[in-house]
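Structure record follows, encoded as structure tokens.
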Amino acid sequence: MTGRARARGRPPRQAPALPPVGDAPHPQQLQQLQQLQQLQQLQQLHAPPAQAEEPRAHGHLRACETVLPERRPEGFQVSSGLQDMSLRDRGGRRRDFHDLGVNTRQAMVHVQESKTGFSGRMIKLTTNHFRLTSRPQWALYQYHVGYSPEMEARRLRSALLFQHEETIGKTHAFDGSILFLPKKLENKVTELFSRTRNGEDVKITVTLTNELPPTSPTCLQFYNIIFRRLLKMLNLQQIGRNYYNPSDPVSIPNHRLMVWLGFSSSILQYEENIMLCADVSHKVLRGETVLDTMHSLHSQVGEERFRDTCAKELIGLIVLTKYNNRTYRIDDIDWDNNPKGTFRKSDGSEISFVEYYKKQYNIEISDWMQPVLISQMKRKRGGNIQGCVALIPELCSLTGLTDKMRNDFNMMKDLAIHTRLPPEQRQRELGRLLNYIQKDDNVQKELRNWGLSFDYKSVSFTGRVVQGEKIFQSGTMFDYSPQFADWTKETRGVPLIRAVPMDSWLLIFTRRNHDVANTLLQSLFKVSPAMGIHISKPNMIEVDDRTEAYLRVLQQRITPDTNIVFCILSSSRKDKYDAIKKYLCTDCPIPSQCVLARTLSKPQTIMTVATKIALQMNCKMGGELWSVEIPLRQVMIVGIDCYHDTVSGKQSIAGFVASLNQTMTRWFSRCVVQSRGQELVDGIKACLQTALRNWSKWNRCLPSRIFVYRDGVGDGQLNTLVNYEVPQFLDCLKSIGTDYSPRLTVIVVKKRVGARFFAEIGGGLKNPPPGTVVDTVVTRPEWYDFFVVSQMVKNGCVAPTHYNVVYDTSQLKPDHVQRLTYKLCHMYYNWSGIIRVPAPCQYAHKLAFLVGQSIHREPNMMLSDRLYYL
Amino acid sequence: MDKNFQEEITQIIKFQPPLYKQRYQFVKDLVEKYKPKKVADLGCADCSLLWMLKFCHCIEVLAGLDICASVMKEKMHTLSPLPVDYLQPSERSLTVTLHHGSVAHKDPCMLGFDLVTCIELIEHLEESELKKFPEVVFGFMAPSIVVISTPNSEFNPLLPRVMLYRHPDHKFEWSQAQFQSWALETARCYNYSVEFTGVGHPPTGMEKIGFCTQIGVFVRKYPQTGESVQSEKPSEAVYKTVFKAVYPSLKDEKYLQNAVISEVIFAAQIIKHRLLSKRKEYGDDPERKSKFQPSMDCFPDYLGKLVIEKNMEPFVSGNEVYIPLTTIFSFPKVNRLCGTFEKLCKLIAGKVTLSSDGSAVMFNIEHENEDN
């Protein structure tokens, strides 16, 4: 699961939108969108001066003409380069993180009236949403500000305008051309006269362009900006998108980590109210510089593997610098450069890093031999010019966790104590933030000036807990305790729906693990009969602990009859695993099972481990474990998830799985491997076609209903999905045949959401039980969306999963879509319990992850009807 | 002067680096030279000079004063500590404060400064304010050094587009003679010496015009009389504090303690790691893990010295690793942070798991992952 966070990264930019599915955007909507884009510039209000230019990377930059310092995604900062750009350039590039203005519900007639379900029992819930209130008849006044003669510099424009504070008032938001005021100026057009430093007279024309009601999308963006201003006023530090309190850190000296408590916040129009959704967020920071990390890596791995290890460990990480308040992503390490290297400043002069930092920040760089880190700037300007920033390792501090750290069980355990807050504590921390806001005079004054205020009590409402699902296995029905969301015990030692015999299989191990292999084998023999799995004696092969040795054995000993290959690996060295998987997924398509010797070495757990391995191998060979009742007939369920390779940054992989049978126990899979910049959806179209062909082979007809669960959609990408990907699905279905028109439902699945729900049980706050469905109050009016809490967590707060039905011709009631979704969360065979997402999404994730991490090309189609990627 | 010639000059007068940067650099050089601990910038405007000065290692107190609160507020956040300042607290302490008020008023918060800078300030003062200014700065604040810069009006004909004054808010612009006579009189009156210089060189052949910006550096001739002086000048606070940032510093016990604990545990981890990995090399048999085993790596005649130097050497006993504090104290970083062994013990007391006699850091390795 280590790649999860990375898999969440941003997919590459997608192509221009085709006409939308449901309906063309209303002219009014378009206008709103434009306003949004303009408003996005407002985020830069109160920009601190861009005191210094960025040192630019050597070499890489010679080619580029312009310095284009990076802009933070939601920063208040604006850098000098951007100030000089024309306003038009700056607009419209920012992501619309909240997918405002994507109105999918209006195209779905059957949910116009109601999108709520009805089944299950009621449950009282509280959430982390707080109502935003504005005084009656509140409006935001939008003005256009023109200068004659034209003034280019944004700072000059504001300085000139605010010479007239007595007219404009103290409360304002201005981005250089659009001015927002909480009050209406006397006249529609106001002319003001200012004088520049050079004594030049300038006429400023302030023209009212819009009176915005509290619910307009522009206003929503505006609220978010104002709220960020408030957080800043509270002296919270912005890192990435969230704000953190630096003055009270938790330090974890065992791992040289520091955790800052902070808040993520967003203000949106929800079902009935505009609300602030605030959540506690933790930032893990490291008390060492990148150079420190490099030193310790050097001492760990030695000279030979040093550079590779550095690249592996560091690339993709976000760093903070000693001298400014920005974050950078490490994209590359320039080993040929060092602090003595020079870069060209924007005025054309060359300066070395050492000199630059001394002069600009009075910082002495002590190690002159260290390499230089390269951070690419995401933003592309007109002609695809990309710039890079060079950073000195000694001056950068690491943030966040590396994959290696995530794999460190002890470290994660120590961290969890501080970051996994149980419901009560989480709400308490949140209360503290609201308390700061409430108690701070300046913040209150700012809010008052804008005519806004918050409800400091979180919103309460009722949700539903739908009935628990029954688990069927070989004709037997199992009841389990729904609140634990797990049936491991209940189904232990029970025959599987379909057990695939292991008549011919290889067991490969090194000499050192000879005993382990035997213990495993004995345990497998013991546990498998009860499950109905017949296991013959394997072909046991001892190999040297080298990748080539493993591969040679595979090449020589696999026969056409081989069911599965079992490898016991002695270390978690990824290269060996990758090589085995690559060979067995592409050149020689045979299911395989790799297990670390360590996992098998504990006598007290070997039986449990053997049971799990037996089940997993059975699935990999096409076996079936259990099922739930699926009332719909002739339905094909599709799951899609993406994996983005952040390390080499070259590939993105879309995993695609589709059900093959009525009971959803067999899945077809394919994946799309694409290099950067290529379109994902074209490949998905081909996947859907093959999936349909296979479905019809299995069922002797085509499905009459198709459900697509689409995971891996980033914030702000909804528009692209709706306008580009969904039409492709439809196109694909059309291409199957003129008389074929199945009902299609496309559901966007999102695990990373800010919303948290708490059940009010016995006067305290608890995690809501699995099966909790929320489809009111905190959903969005313009969407057909709902939340499901399907999983159970032992520590901390459970995160609900958000489902957004963006396209639906199924005519099913919302209740049925919700129930089907919940049912599918029971069907992931690697976990005998309920998971966070529908099984097809998790399968698609597993597949994409395996291909992205180890295989790097599409696996052999011979395996496509089995869960070989588990 | 030939009119054409003058126009030609007008076009080529362009300072590189820009004049404002040269003024700031001048102040920075002065700070480097005199190493003041407390610096105040009067008329700090958008705080850019203060921002530059916060990087000077000698400064521990920085204050800004301006008559306009909103211009200060606009950029004051740049004076806040950065995340990294919290992650790696600096050795020095630094407090940055911004005050809203007039240089014509006395406020005790401005007492005790080493350097007061008035960069392009006085020409913005009304006549009445300018009159009170010397008494406030030289008489009341009485820092060791005062820097005053102001436009040199003789240079104006060379500047493009300057009609009367360089900025519409300027109340006056002085010639060299005017500035110098004011400065000399002020210096005499308050017992300071003054030297004149400037930034923005005049074109060759026109040296008589003087620098574009003229600067007076005033140095107090009498030694600081200390607290007594301040108590003689009781005065009420009239400035309003608009911003205050206290930078995390190792001078603050809280940050020092965190830093020490972090270094101690880090050092101990390194030793433990070395100890265990060597042990593994010598005995690959996991069964022997729990047995007492000498660390033969760095201390070959360990057994012989066991009794005598027990205090200095890390050892394993059962599931516990003991790393003596004395060993940890010998790590340069720990040593530098704490200074004395007693201080080390005091700082980590109750925060780090120690052996029963308090002489060693103790780790339990029962649940350690062997492969790591």
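In what follows, chains are A, B, ... by sequence order, proteins preceding strands, each numbered from 1.
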Between Glu32(B) and Cys56(B), is any pair of side-chain heavy atoms under 4.5 Å apart?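 When only atoms from C-beta onward are counted, Cys56(B) and Glu32(B) do touch, with a gap below 4.5 Å.
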Would [X] and [Y] pass as an ion pair if we require N to O under 4.0 Å?
{"X": "Glu165(A)", "Y": "Lys170(A)", "answer": "yes"}
{"X": "Lys413(A)", "Y": "Asp408(A)", "answer": "no"}
{"X": "Arg256(A)", "Y": "Glu288(A)", "answer": "yes"}

Please state whether the side chain, the backbone, both or neither of His57(B) comes within less than 4.5 Å of a heavy atom of chain A. both
Answer with side chain, backbone, both or neither: which region of Asn235(A) has an atom nearer than 4.5 Å to a non-hydrogen atom of chain B?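 Asn235(A) touches chain B through side-chain heavy atoms alone.
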Using side chain to side chain donor-acceptor pair (under 3.5 Å) as the criterion, list what pairs up with Asn245(A), not counting sequence neighbours. Ser247(A)
With distance as the sole test, does Thr399(A) use its side chain to make a donor-acceptor pair with the main-chain N or O of Ile318(A) at under 3.5 Å? yes
Determine yes or no for a side-chain-to-main-chain donor-acceptor pair under 3.5 angstrom, with Arg228(A) supplying the side chain and Arg241(A) the backbone.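 At least one qualifying donor-acceptor pair exists.
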Please output the residues of residues 257-265 of chain B in contact with chain A, using a heavy-atom cutoff of under 4.5 Å, in numerical order. Asn258(B), Ile261(B), Ser262(B), Glu263(B), Ile265(B)
Anything under 30° is parallel, anything over 60° is perpendicular, the rest tilted; go ahead and classify Phe174(A) against Phe162(A).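 Because their plane-to-plane angle is over 60°, the rings of Phe174(A) and Phe162(A) count as perpendicular.
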Counting heavy-atom pairs under 4.5 Å with chain A, the top scorer among Asp169(B), Leu87(B), Val71(B), Asp85(B) is Leu87(B)
Heavy atoms only, distances under 4.5 angstrom: which of Ile363(A), Leu395(A), Thr321(A) has the most pairs with chain B? Name it, please. Thr321(A)
